[in-house]
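Count residues from 1 along the sequence.
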Amino acid sequence: MRDELFCYYVELGHKLNYYRAYSISARRIKNAYSGFLMLVSAAGIATLSCWDRLPVLWSVVALSAQVLQVLQPLTQSAKQKEALKYIIQDTSNIFDDVRKLWDSCGAYELPAKRDFYKELAKFRRREDDVIERFASDLDFPHKKRLEKKAKVNNGDYFRYHYNADIVEEW
């Protein structure tokens, strides 16, 4: 049971680090999208003197930028970023609860009077509830570079706090 608790601890730490890396990636995509729209709007204003030569082109550019600006909150990365804010917060709370459980008894012998299988099941249920609540309709495509980053960060965490080199099978 002790090994199972630690494996869950490592698994949850990996998920939390992956969500954080995914959030940063979604924020960068959202910022790039916003930057592109600002550039298009600025270019439209900066070239006002040229509008009399190609009015249709500049009208299409300005209209496209405005339509894309309105659609920005509906993009996948914007939705992911918003959901991940809450997913990370709740997953972090679950991670802290698992850490407290491990630190209180997991590093030594598990007390016989506690039912750790029920506690692990509660943690897993809480984890499922978080995803169901905040991202039931969202898709988070698998990204290898984010998996690598999460693996490194998770390994650093366990190396620093427990002097343990963990092996993740991701």
Side-chain angles (χ1 to χ4, degrees), residues 7-100 122-162 166-170:
C7 285
Y8 179 69
Y9 187 23
V10 169
E11 175 188 330
L12 190 62
H14 179 84
K15 286 180 184 178
L16 182 59
N17 283 303
Y18 184 76
Y19 292 148
R20 287 176 178 156
Y22 211 105
S23 178
I24 291 168
S25 176
R27 185 183 70 223
R28 286 180 179 157
I29 291 169
K30 187 178 175 213
N31 289 347
Y33 189 93
S34 293
F36 171 74
L37 292 177
M38 285 190 294
L39 266 166
V40 170
S41 294
I45 293 170
T47 57
L48 280 174
S49 62
C50 300
W51 277 45
D52 58 344
R53 288 186 223 142
L54 298 169
V56 175
L57 173 68
W58 294 112
S59 298
V60 169
V61 168
L63 180 65
S64 299
Q66 294 305 309
V67 168
L68 290 173
Q69 184 70 37
V70 169
L71 294 177
Q72 183 182 11
L74 303 176
T75 61
Q76 184 76 0
S77 61
K79 290 178 181 178
Q80 288 172 338
K81 175 72 177 116
E82 188 63 29
L84 282 167
K85 178 172 48 174
Y86 300 108
I87 291 171
I88 290 169
Q89 182 180 9
D90 286 5
T91 304
S92 182
N93 290 339
I94 297 168
F95 183 77
D96 288 344
D97 291 344
V98 172
R99 180 188 50 81
K100 287 175 190 170
K122 273 193 227 176
F123 290 136
R124 290 185 194 279
R125 242 187 336 273
R126 282 174 59 191
E127 198 180 338
D128 291 341
D129 289 345
V130 168
I131 297 299
E132 184 63 34
R133 239 182 339 169
F134 300 116
S136 61
D137 60 340
L138 289 179
D139 185 31
F140 293 94
H142 179 77
K143 296 182 179 181
K144 284 186 179 182
R145 68 179 174 80
L146 300 180
E147 284 288 348
K148 280 183 175 179
K149 189 170 187 168
K151 187 176 180 179
V152 168
N153 290 345
N154 201 33
D156 290 347
Y157 172 85
F158 284 96
R159 203 172 299 104
Y160 178 79
H161 289 282
Y162 300 105
I166 57 171
V167 178
E168 294 185 54
E169 298 176 13
W170 298 101

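For K143, the NZ atom counts as densely surrounded, since its 6.0 Å shell holds more than 12 non-hydrogen atoms of other residues, nucleotides or ligands. Applying the 6.0 Å contact sphere to NZ of K81 captures more than 12 heavy atoms from other residues, nucleotides or ligands. The neighbour count for R28 CZ, taken as heavy atoms of other residues, nucleotides or ligands under 6.0 Å away, does not exceed 12. More than 12 heavy atoms of other residues, nucleotides or ligands sit less than 6.0 Å from atom OH of Y162.
Of all heavy-atom pairs between V130 and I87, the closest is CG1-CA, 3.8 Å. Of all the heavy atoms in A78 and P73, the pair that sits closest is CB-O, 3.8 Å.
F140 and Y19 have their aromatic ring centers separated by at least 6.0 angstrom.
E147 has no carboxylate O lying under 4.0 Å from a charged side-chain N of K151, or vice versa, which leaves the two without a salt bridge. Salt bridge annotation for E11-R124: present, with a cationic side-chain nitrogen under 4.0 angstrom from a carboxylate oxygen.
Using a 4.5 Å cut-off on side-chain heavy atoms (C-beta onward), R125 and K122 make contact.
One finds the OH atom of Y33 at 6.0 Å from the OG1 atom of T75 (value rounded to the nearest 0.5 Å). Annotation: the span from D96 atom CG to K100 atom NZ amounts to 6.0 Å, rounded to 0.5 Å. Taking OG of S92 as the start and CG of D97 as the end, the distance is 9.5 Å to the nearest 0.5 Å. Taken from CD in Q89 to CG in L16, the straight-line distance is 11.5 Å, to the nearest 0.5 Å. One finds the CZ atom of R27 at 11.5 Å from the CG atom of L84 (value rounded to the nearest 0.5 Å). The line from CD of Q69 to OG of S64 is 13.0 Å long, rounded to the nearest 0.5 Å.
Note: Y9 and F95 have tilted aromatic rings, judged against thresholds of 30 and 60 degrees for the angle between ring planes. Aromatic ring pairs are classed by plane angle as parallel below 30°, tilted from 30° to 60° and perpendicular above 60°; the pair H14 and Y18 is parallel.
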One pair to check against side chain to side chain contact (heavy atoms under 4.5 Å, CB included): Y157 and I166. What are the steps and the verdict? CA-CA 10 Å; Y157 172 85; I166 57 171; over 6 Å; no

Set out, in order, the CA-CA distance, both residues' side-chain angles and the distance that settles side chain to side chain contact (heavy atoms under 4.5 Å, CB included) for Q76 and D139, then state yes or no. CA-CA 8 Å; Q76 184 76 0; D139 185 31; 4.0 Å; yes

Could you check I88 against R20 for side chain to side chain contact (heavy atoms under 4.5 Å, CB included), going step by step and ending with a plain yes or no? CA-CA 7 Å; I88 290 169; R20 287 176 178 156; 4.1 Å; yes

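Between D90 and the options R133, E127, R126, a side chain to side chain contact (heavy atoms under 4.5 Å, CB included) holds for only R133. Of the candidates K149, R145, Q80, R145 is the only one forming a side-chain hydrogen bond (donor to acceptor under 3.5 Å, both in side chains) with S25.
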